[in-house]
Colleague: 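Take a look at this one; I'll ask things after.
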Amino acid sequence: LLVMSSSIKNRKEKTEMQKWLKDIPFSHFITVEPTPSLPFKLDEIQQRMRQIEFSLNKRYLKSSFSKWKDENRFWMIGFREGGGVSHTQTHYHILLHSPVVLHKKTRLANISADLQMKWMLTPSQNPFTGKMRRFSSDGENPLDIQQIEDITAATIYCSKWINRIDEGEDFFFTTPTQH
């Protein structure tokens, strides 16, 4: 009975989270593809995305962006999926919120290209050998970026593993939200 009530509670929390997410006008759906030979750890994903988010805010918004409301700046929420022997390789889905109004470099704005470039240029260390990773320039990239056409579908897909992973490790914000 305790397991069943816990399952119902988890399902309700997941549903509430998905209901909240679908009301946010996310602009991009990012998948950090699984790389079995060189897996990314959660800490590295969070740090890389935090740097990318800061870079986007700095590139397109005024310097006071850190004091702005969430809807007026770039921010991300990420979700871990997979892990374990019987499931898919661990990978991450990230939703990017982009502000409607950009203040700088608007004619050059290409958020997807900026995300990809910053990802490629950010150093990464192999968690097993300690050596620096190299991302290939031949089109192979662990980052898949798509503009969102259906927010409801994207948010449900990203958050489908909520409550299936250890407490507190199923989703993360790259930067704490402003209230």
Colleague: Could you walk me through whether I30 and L96 satisfy the side-chain contact (heavy atoms from CB on, under 4.5 Å) test, starting with their C-alpha distance in whole Å, then the side-chain angles of each, then the deciding distance to 0.1 Å, before giving a yes or no?
Modeller: CA-CA 8 Å; I30 305 159; L96 170 67; 4.2 Å; yes
Colleague: Look at atom NZ of K41 and say whether more than 12 heavy atoms of other residues, nucleotides or ligands are closer to it than 6.0 Å.
Modeller: no
Colleague: In chain order, what residues pass the side-chain hydrogen bond (donor to acceptor under 3.5 Å, both in side chains) check against S112, with sequence neighbours excluded?
Modeller: H28
Colleague: Just say parallel, tilted or perpendicular for the rings of W75 and H97, cut-offs at 30° and 60°.
Modeller: parallel
Colleague: Which distance, rounded to the nearest 0.5 Å, do you find between the CG of L115 and the OG of S98?
Modeller: 8.0 Å
Colleague: If we only count heavy atoms from C-beta on, is the V32 to M49 side-chain gap below 4.5 Å?
Modeller: yes
Colleague: Report yes if the side chains of M132 and P123 come closer than 4.5 Å at any heavy-atom pair, otherwise no.
Modeller: yes
Colleague: Identify all side-chain donor-acceptor contacts of residues 147-156 below 3.5 Å with residues at least two apart in sequence or on another chain.
Modeller:
residue : atom : partner : partner atom : Å
D150    : OD1  : T152    : N            : 3.2
D150    : OD1  : A153    : N            : 3.2
T155    : OG1  : I151    : O            : 3.0
T155    : OG1  : T152    : O            : 3.0

Colleague: Is the shortest side-chain heavy-atom distance between E81 and Y92 below 4.5 Å?
Modeller: no
Colleague: Just so I know, are the side chains of L21 and S159 near enough to count as touching, which here means a heavy-atom distance under 4.5 Å?
Modeller: yes
Colleague: I want to check something: taking the side chain as every heavy atom from C-beta on, are T31 and H91 in contact at a cut-off of under 4.5 Å?
Modeller: yes
Colleague: How long is the span from the CZ atom in R73 to the CZ atom in F54, to the nearest 0.5 Å?
Modeller: 12.0 Å
Colleague: Hey, mind stepping through I94 and I77 against side-chain contact (heavy atoms from CB on, under 4.5 Å) and telling me if it holds?
Modeller: CA-CA 6 Å; I94 299 163; I77 183 170; over 6 Å; no
Colleague: To the nearest 0.5 Å, tell me how far C158 SG sits from M17 CE.
Modeller: 11.0 Å
Colleague: What's the verdict on side-chain contact (heavy atoms from CB on, under 4.5 Å) for L143 and E33, showing C-alpha distance, side-chain angles and the deciding distance?
Modeller: CA-CA 6 Å; L143 209 59; E33 299 290 350; over 6 Å; no
Colleague: Less than 4.5 Å apart, side chain to side chain, heavy atoms only: is that true for K160 and F79?
Modeller: no
Colleague: Is S124 close to E44 at the side-chain level, that is, under 4.5 Å between some pair of heavy atoms?
Modeller: yes
Colleague: Mind telling me whether Y157 and H93 have parallel, tilted or perpendicular rings, with 30° and 60° as the class edges?
Modeller: perpendicular
Colleague: Within 45 degrees of the ring normal and closer than 6.0 Å to the centroid, is that where the cationic atom of R48 sits relative to W119?
Modeller: yes
Colleague: Are the side chains of M76 and L95 in contact, using a 4.5 Å heavy-atom criterion?
Modeller: no
Colleague: If we ignore hydrogens and angles and just use 3.5 Å, is the side chain of N57 paired with the main-chain N or O of F74 as donor and acceptor?
Modeller: yes
Colleague: Rounded to the nearest 0.5 Å, how far does OG of S63 lie from NE2 of H103?
Modeller: 11.0 Å
Colleague: Which one of L121, L56, T122 satisfies the side chain to side chain contact (heavy atoms under 4.5 Å, CB included) criterion with Q51?
Modeller: T122
Colleague: Keeping to residues at least two apart or across chains, list the salt bridge (charged side-chain N to carboxylate O under 4.0 Å, His left out) pairs with something in residues 108-120.
Modeller: R59-D114
Colleague: Mind checking the CD-CG spacing from Q116 to N110? Nearest 0.5 Å is all I need.
Modeller: 10.5 Å
